[in-house]
Amino acid sequence: MTQAIKIGINFFCSPTLKIDANAILFSVKTFIAAMLAYYISLRVGLPRPSWAIITVYIVSQTSAGASLSRGVYRFAGTFIGAIATVAIVPNFVNEPILCSLILAGWIGLCLFLSLLDRTPRAYAFVLAGYTASLIGFPSVLDPGAVFDIASLRVQEISIGILCAVLIHRYVLPKRMTGVFTAKLATTMQSAHRLARDALNGTPEENRNDRKQLSLDLLALQDLATHLPYDPAPVIPHRRILRLIHDHVARLLLLTAEIEERIHFLHHNGNLAPAELTRLIDDARTWCTHTDEADEGAATPGLIAQARAIQKQLARETASSAELVGANLAGHLAEMIGLLHDCKQLKFSVTLINPLRNTRLLHGSKHAGGYVYHRDPRMAARAALGAITGILCGCTFWIWSGWPEGGTAVSVLGVCCSLFGNFDTPVPFVVKYTIGTLYGIVFSLFYSFFILPQVTDFAVLVAVLAPVFLLAGSLQARLPTMMTALGITLTIPILSGLGTNYSGDFAASLNISIAVLVAVSFGALSMSIFQTVRADTAIKRLLALSRRDIGRRALGHAPNEARWISLMIDRTALLQPKIRASGKVYSSVLEDTLHHLRIGHVAGQLHKMVPLLPLEARAPIKDLLLAMANYVNPRKPAQNLTNVPLNQNIATVMAISTQSPHKNRAQIRDLLIDLYFALGTAPLPQAGKPKS
């Protein structure tokens, strides 16, 4: 009996059942919002209430905050797109080819801007593009009604947005803040696990932890974008979130340094001094503390112990092993401070005045926050691909005189805009096409078998419920979301959900054919003009990372937190591309981490130059030029002598004794960091440059 109860509890608490329950709840709420929007549109006499239904399904998200933010972005994009269409079409009424060219250019520009944004706000740019496509292309040959169509579309979409936002906000709302705090807790667990694995010297687990942590930081940033729109009583403070990101990002870099130092000392003759070994054991014990009060009390003493060992080992006559030990002790002190601060910041997320009650032991008080990788070249490539595909469709339409060509090209523009932010959009278009096929079948069935028998709105809601509830539950699941959108975006238009029943089979069939042709041609067009192979994208990201290291070595991009965050974002971008490539890229992510560390050292060394005596500056400048040349061999740095990079490092290590004590220690630490980042060994003695 007890076993049966446990099985029942496990079943009802299982993640799969929870996902199913959330999907069903989302589907019911979205259907209610769609029918409410449809009813309001009918009562006020709008001619195309199907747009309101479609808007509800596009705007609705699984949380209240995301639904509101998406609604705001959709309204902004729709309004801008409508204004652009009204400005373009009437002014080129006698030039349909030129009008089509300008509309395609506008869609491409909006896609370009959305790809550069890379936040949920990019949806506004997408909407500005495909609103112009939906309104503009059908109006190219009949521009007289473009203003009325644009005005009606804005009104109907506003009704859909309002209904979706109200239902998801006030009917059993799922708050984004709860989702965010749960993800934040998971991320903090990953950060502590990463620190423990680094102290245990488990490189394989450490690599997996770093991969996951980079993905967690990107997911947190995406969730945080919706937080200002969430109806929760306390919204996490933006500066606190930025500080958390900066600390965790620095921790991701720091654990790699610690892991390599421990491996070097333990696996190269067990060179770690006894006091350093005790410090590592104490830090490992500290990381496993579950009592936050005990941990907080022990933190200052552990940091002081690490700093004392660092000072003791970093004497002028220190050996290479002692210098590495001092470097490790300094990194351990920083890691302990960062972990302590992360816990404090996590606790303060839900406080009303978090900044007043939070005391940090480590890290900059300036909050940088997440930095997105943006590539104007690749964005322009995707935009030009969309323009080319749309113009090909326009050419066929104008040349053939196809009556439904305007509808087909407008759907093509939607596809190029909606799926243009994927490197390989075709698989998503295929899923959408499958959903469109289902939607056409359902639409024809409803139009000619069900709807002619319906004379009451309540009965209409009842007969629409099965297919929309099914599609809504599929939309709440990521693997089937595109297929569900194909269904929910097709049925309202093709089934004739307007002010009155038309039942025109020929018109429905023509529109269905136009939609299928447009989506199919869109898949073909995007496979040719908008697809970026995974291997190409990986090489591009690595090349940009090397380029940016060279820039930092030459004094550009000096912001340290921004550099670390940018490289972590690139790491998160690389992981799905590596999986999609189908090839074995065993070292790409580790190479990116090495690029991050080399760039960190380059930036810090460049900041040190003005603080050094004049005679000590030239060797460091030579080293920085050598680093720029090392990472970017196709563009060799100017005025660079043919000196190996290792010898440059050894020379700077030797002359660092001429610097003030504080600067000497900093330079030594940076050079040791550079040796490990480059994978160079053995280390030179402090006062003995390599010959």
Side-chain angles (χ1 to χ4, degrees), residues 41 46-52 54-55 58-59 71-115 117 121-161 383-384 386-395 397-398 402-420 489 492-493 511 514-515 518 522:
S41 299
L46 295 177
R48 299 185 183 181
S50 57
W51 282 350
I54 290 173
T55 298
I58 293 179
V59 165
V72 171
Y73 303 145
R74 180 172 177 84
F75 177 80
T78 300
F79 188 72
I80 294 171
I83 292 175
T85 308
V86 171
I88 293 170
V89 174
N91 288 311
F92 298 94
V93 61
N94 297 320
E95 298 289 343
I97 296 177
L98 182 59
C99 184
S100 299
L101 178 62
I102 295 175
L103 283 173
W106 169 260
I107 295 169
L109 174 63
C110 293
L111 177 59
F112 174 77
L113 295 175
S114 72
L115 291 171
D117 188 280
R121 292 185 299 269
Y123 186 61
F125 294 112
V126 173
L127 260 295
Y130 87 59
T131 296
S133 179
L134 285 175
I135 301 174
F137 286 117
S139 302
V140 168
L141 301 179
D142 182 23
V146 65
F147 179 81
D148 292 337
I149 294 174
S151 175
L152 290 171
R153 180 169 177 81
V154 172
Q155 294 175 53
E156 287 160 357
I157 283 176
S158 299
I159 292 173
I161 292 171
L384 289 174
I387 293 172
T388 303
I390 293 170
L391 289 178
C392 289
C394 289
T395 301
W397 164 37
I398 296 172
W402 184 19
E404 300 297 336
T407 300
V409 174
S410 69
V411 175
L412 173 61
V414 170
C415 289
C416 291
S417 298
L418 200 58
F419 301 105
L489 271 60
I493 295 177
I511 294 176
V515 170

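All values below come from the heavy atoms of this structure, side chains included, with hydrogens, waters and symmetry mates left out.
Checked against side-chain contact (heavy atoms from CB on, under 4.5 Å), Pro47 has the following partners two or more places apart in sequence or in another chain: Leu152, Glu156.
Here Leu46 contributes atom CG and Ile159 contributes atom CD1; the two are 5.0 Å apart, rounded to the nearest 0.5 Å. Expressed to the nearest 0.5 Å, how far OG of Ser133 lies from CG of Leu412 amounts to 7.0 Å. Expressed to the nearest 0.5 Å, how far CZ of Phe75 lies from CD1 of Ile157 amounts to 9.5 Å. Going from atom CD1 of Ile135 over to atom CG of Asp148 covers 11.5 Å, rounded to the nearest 0.5 Å. In this structure, OG1 on Thr131 lies 10.0 Å from CD1 on Ile107, to the nearest 0.5 angstrom.
Here the rule is side-chain contact (heavy atoms from CB on, under 4.5 Å) with Val414, and of Val409, Leu134, Leu489 only Leu134 fits it.
In this structure, Phe137 and Ala104 approach most closely via the heavy-atom pair CZ-N, 4.2 Å. Listed here is the closest heavy atom pair of Gly420 and Leu115: O-CD2, 3.8 Å. Ala132 and Thr85 make their closest contact through CA-OG1, 3.1 Å (heavy atoms, listed as atom of the first residue, atom of the second, distance). Listed here is the closest heavy atom pair of Ser50 and Pro492: CB-O, 3.3 Å. Between Leu103 and Gly136, the closest heavy-atom pair is CD1-C, 3.8 Å. For the pair Gly108 and Ala383, the tightest heavy-atom approach, listed with the atom from each and the gap, is O-CB, 3.2 Å.
Side-chain contact check for Ile387 versus Phe112: every heavy-atom pair is 4.5 Å or farther apart. When side chains are defined from C-beta on, Ile149 counts as touching Arg48, because their heavy atoms get closer than 4.5 Å. Using a 4.5 Å heavy-atom cutoff, the side chains of Pro90 and Phe147 are not in contact. Here the side chains of Leu111 and Cys416 are not in contact, with every heavy-atom distance at 4.5 Å or above. Annotation: side chain of Phe125 is not in contact with side chain of Leu109 (no heavy-atom distance under 4.5 Å).
At most 12 heavy atoms of other shown residues, nucleotides or ligands fall within 6.0 angstrom of atom CD1 in Ile97.
Trp106 places a side-chain N or O within donor-acceptor distance of the main-chain N or O of Ala128, the cut-off being under 3.5 Å. Judged purely by atom type and a 3.5 angstrom limit, Ser410 uses its side chain to pair as donor or acceptor with the backbone of Thr407. Although no hydrogens or angles enter the test, the distance criterion places a donor-acceptor pair under 3.5 Å between the side chain of Thr395 and the main chain of Leu391.
The closest side-chain donor-acceptor pair between Tyr73 and Arg121, if any, does not fall under 3.5 angstrom.
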